[in-house]
**Q** 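Mind having a look at this structure? Questions to follow.
Values below: every heavy atom of this structure, side chains too, minus hydrogens, waters and symmetry copies. No experiment lies behind these values; they were computed from the predicted model shown. Below, chain A is the first sequence line, B the second, and so on; all start at residue 1.
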Amino acid sequence: MIEISPWVIFFASIFTNNMIFSNFLGMCSFISVSNEIPTSLGLGQAVTFVLTFTTMLNYLIYHYILVPLGLEYLRFIIFIITIAAFVQLIEMLVERYFTNLYYTLGIFLPLITVNCVILAVSLFMVIRNYTFLQSVGFAIGSGIGWTLAIAAMAGAKQRIKNNKLPKGLEGAGITLIITGLMALAFVGFSGIVQIQ
Amino acid sequence: MDKKRVKQIFKSGIWDDNPVFRQVIGICSSLAVTNLLMSSLIMGLALTFVTAFSELTISIIRKFTPKHIRMVVQVLIISAFVIIVDIFLKAYYPEMSKALGPYVGLIITNCIIMGRCEAFAQSNPPISSFLDGIASGLGYTMVLLMIAFIRELMGFGSIFGIQLLGNWWTRWTIMVMPPSAFFIMGVIFWWARSKTEKKEEKKEGGKVTA
């Protein structure tokens with residue numbers, strides 16, 4: 001494992017290794033929640049927030065509890081429990097103390113537990129042997145990259161809302177094709193940096 | 001259980017209610033493996049295994065699970081089966097396990113499994129739930145294989161790693177890259193949707209829609 005600066009990982013995970021455009025992760029909510037820009041920005045923020053903290057937690061749990069005990073194979077269960085518990089905790093805290101925030105972000109929180117991006121970042125972190133700082137950079141970058149993608153998608157969808165489409169292409173079909181076009185644009189970044 | 005029911009479960013899982021075309025779920029986490037037929041096949045089979053056995057387990061314990069914690073129970077059962085798949089692949093197909101990377105673990109968050117457990121296994125007896133899991137898994141595998149077939153044939157000129165198209169074939173680099181999966185998926189969606197729509201029109205007695 002070559003030492004890569006966390007900043008490089010941060011930018012790479014936004015542009016060259018974008019979670020949606022090059023890893024196909026988080027597609028479910030990407031397709032269904034990308035109808036309006038404010039909503040998708042809200043979801044993006046919530047994802048970035050949860051992503052950053054669960055990755056930190058999972059890093060600590062994996063390296064300081066699971067590895068010493070030789071229980072690496074349990075990581076799937078442990079990671080998903082951490083994520084679910086964290087989301088639940090945040091939801092309760094936000095509901096109790098920040099009522100305004102709850103109405104804007106709160107509705108997205110249950111959706112997040114099953115968002116593949118969250119679990120994927122923790123798994124990539126283990127596979128690629130990232131250090132703590134690298135993991136944090138990767139998590140924040142992935143979150144921002146995902147937000148960028150979903151907001152751009154919402155913008156494109158709003159634009160074509162009133163246009164006529166072939167019947168079968170409406171909904172998911174056209175969303176996928178637009179995503180393909182955007183992904184093609186993001187391939188242009190791929191020469192800058194590469195992370196594995 | 002009679003044959004008719006079995007047939008109906010398979011028909012709805014593979015075509016009528018195909019998780020990908022009709023319900024638009026579960027495409028996350030797996031498009032990434034569709035650049036080679038072999039890895040798509042393994043991924044599809046792994047998912048079929050996990051779906052079938054999780055549905056079976058959940059259906060068996062559905063009467064004793066308290067309603068409000070059923071989601072957590074489902075996730076734990078699914079993760080347990082995914083761990084089995086992961087360990088199995090690591091032991092017998094280490095190369096495949098490396099190629100699939102984190103995507104095996106991501107089967108947990110594949111919405112198809114949770115969706116079927118909620119929609120079917122919660123209210124049906126174990127054996128039909130098991131069959132429903134196999135049917136939805138196969139429906140999903142079919143879509144993956146369709147995409148992978150086009151991508152591998154055009155991108156590498158081969159099928160299941162066997163070189164079919166000779167040197168005259170110019171390899172389409174784009175087919176190996178991620179964007180092509182989105183395009184092919186979109187077009188397949190289009191095709192499947194227009195096909196089912198025509199069928200529905202026919203059922204309504206050839207009513208012409210404007």
**Q** Pick one of side chain, backbone, both or neither for I87(B), based on which atoms fall under 4.5 Å of a heavy atom in chain A.
**A** side chain
**Q** For T16(A) versus F189(A), what's the shortest heavy-atom pair and its separation?
**A**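 Closest pair (atom of T16(A), atom of F189(A), distance): CG2-O, 3.2 Å.
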**Q** Do E152(B) and S158(B) pass the side-chain hydrogen bond (donor to acceptor under 3.5 Å, both in side chains) test, and can you show the C-alpha distance, the side-chain angles, and the key distance before you say yes or no?
**A** CA-CA 6 Å; E152(B) 190 175 337; S158(B) 61; 3.1 Å; yes
**Q** Pick one of side chain, backbone, both or neither for I174(A), based on which atoms fall under 4.5 Å of a heavy atom in chain B.
**A**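 Contact with chain B involves no heavy atom of I174(A) at all.
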**Q** Please state whether the side chain, the backbone, both or neither of I127(A) comes within less than 4.5 Å of a heavy atom of chain B.
**A** side chain
**Q** Looking only at heavy atoms and a cut-off of under 4.5 Å, which of T175(A), V187(A), L123(A), I118(A) has the most pairs with chain B?
**A**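 Among T175(A), V187(A), L123(A), I118(A), the one with the most close pairs to chain B is L123(A).
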**Q** Can R116(B) and T51(B) be counted as having a side-chain donor-acceptor contact under 3.5 angstrom?
**A**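 Their side chains do not contain a donor-acceptor pair, so the 3.5 Å distance test is not met.
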**Q** Checking heavy atoms, do the side chain of L74(A), its backbone, both or neither come under 4.5 Å from chain B?
**A** both
**Q** Within a 6.0 Å radius of atom CZ on F160(B), are there more than 12 heavy atoms belonging to other residues, nucleotides or ligands?
**A** yes
**Q** Name the region of M185(B), side chain, backbone, both or neither, that has any atom closer than 4.5 Å to a heavy atom of chain A.
**A** both
**Q** Measure distances from I80(A) to the heavy atoms of chain B and classify the residue's part below 4.5 Å as side chain, backbone, both or neither.
**A** side chain
**Q** Determine, stepwise, if the pair T65(B) / R70(B) fulfils side-chain hydrogen bond (donor to acceptor under 3.5 Å, both in side chains).
**A** CA-CA 6 Å; T65(B) 342; R70(B) 67 177 194 285; over 6 Å; no
**Q** Y59(A) and Y64(A): aromatic ring centres closer than 6.0 Å?
**A** no
**Q** Check the side chains of N17(A) and S22(A) for a donor-acceptor pair under 3.5 angstrom, ignoring hydrogens and angles.
**A** no
**Q** So, do F10(A) and F138(A) have ring centers that fall under 6.0 Å from each other?
**A** no
**Q** If you tally heavy-atom pairs under 4.5 Å against chain A, which of A181(B), S180(B), P179(B) wins?
**A** P179(B)
**Q** Under a 4.5 Å heavy-atom cutoff, which of V72(B), I108(B), I184(B) has the most pairs with chain A?
**A**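 When all of V72(B), I108(B), I184(B) are compared, I108(B) has the most.
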**Q** Name the region of A84(A), side chain, backbone, both or neither, that has any atom closer than 4.5 Å to a heavy atom of chain B.
**A**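 For A84(A), there is no contact with chain B at all, as no heavy atom is under 4.5 Å.
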**Q** Quick one: what part of I188(B) sits under 4.5 Å from any heavy atom of chain A, side chain, backbone, both or neither?
**A** neither
